[in-house]
Amino acid sequence: MTTSSRPIVYVVTDLWPIPEKMKEVKKILYDTVPEAKKERTCLKYELCENLNDRAQLTFLQAWSTEQALEDHLRSEIITKATENLRDLLEKPTEIRRYKNIG
């Protein structure tokens, strides 16, 4: 088990756009990337497309602390994106948090 002085929080966020809305969803998500990367507590923020299921998009993230992640989730850019995505997804977004244990 590691004893890091920086409690980095890793996050995997999965989204499933309605197929006909994929282009619109990607535009909304693309707009969040540069804004999130500007946050000084953001260590990684990448938007990925599943190679086996192109209908699934995933954010791979790393934040300096749990509080940094919480602040990001309450930020204006995420609040706006969440509202804009509300009727464009087939099912609810899944957000999973991880810590490095070795």
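This structure is a prediction, so every number in the text was calculated from the model and none was measured.
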Would you give the length of the straight line joining atom [atom1] of [X] to atom [atom2] of [Y], rounded to the nearest 0.5 angstrom?
{"X": "Ile28", "Y": "Thr82", "atom1": "CD1", "atom2": "OG1", "value": "10.0 Å"}
{"X": "Thr13", "Y": "Ile95", "atom1": "OG1", "atom2": "CD1", "value": "4.5 Å"}
{"X": "Phe59", "Y": "Thr93", "atom1": "CZ", "atom2": "OG1", "value": "9.5 Å"}
{"X": "Lys27", "Y": "Leu88", "atom1": "NZ", "atom2": "CG", "value": "13.5 Å"}
{"X": "Lys21", "Y": "Leu89", "atom1": "NZ", "atom2": "CG", "value": "11.5 Å"}
{"X": "Glu49", "Y": "Leu29", "atom1": "CD", "atom2": "CG", "value": "11.5 Å"}

Taking 4.0 angstrom as the limit, do [X] and [Y] come out as a salt bridge?
{"X": "Arg86", "Y": "Glu83", "value": "yes"}
{"X": "Lys38", "Y": "Glu35", "value": "yes"}
{"X": "Glu70", "Y": "Arg74", "value": "yes"}

Smallest separation among heavy atoms of [X] and [Y], with atom names:
{"X": "Leu57", "Y": "Met22", "answer": "CD1-SD, 3.8 Å"}
{"X": "Ala36", "Y": "Cys42", "answer": "O-CB, 3.3 Å"}
{"X": "Arg97", "Y": "Val9", "answer": "CB-CG1, 4.3 Å"}
{"X": "Pro17", "Y": "Glu90", "answer": "O-CG, 3.8 Å"}

Linked, directly or transitively: [X] and [Y] (ILVMFWY side chains, under 4.5 Å):
{"X": "Val33", "Y": "Val25", "value": "yes"}
{"X": "Tyr10", "Y": "Leu73", "value": "no"}
{"X": "Tyr98", "Y": "Leu69", "value": "no"}
{"X": "Ile77", "Y": "Leu47", "value": "yes"}

Student check: side-chain heavy atoms of Lys80 and Thr32 closer than 4.5 Å: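 No, too far: nothing below the 4.5 Å cut-off.
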Plane angle bin for Tyr45 and Trp63 - parallel if under 30°, tilted between 30 and 60°, otherwise perpendicular: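 Correct class here is perpendicular.
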Step-by-step side-chain contact (heavy atoms from CB on, under 4.5 Å) determination, Leu15 to Leu85: CA-CA 10 Å; Leu15 303 102; Leu85 291 168; 4.1 Å; yes
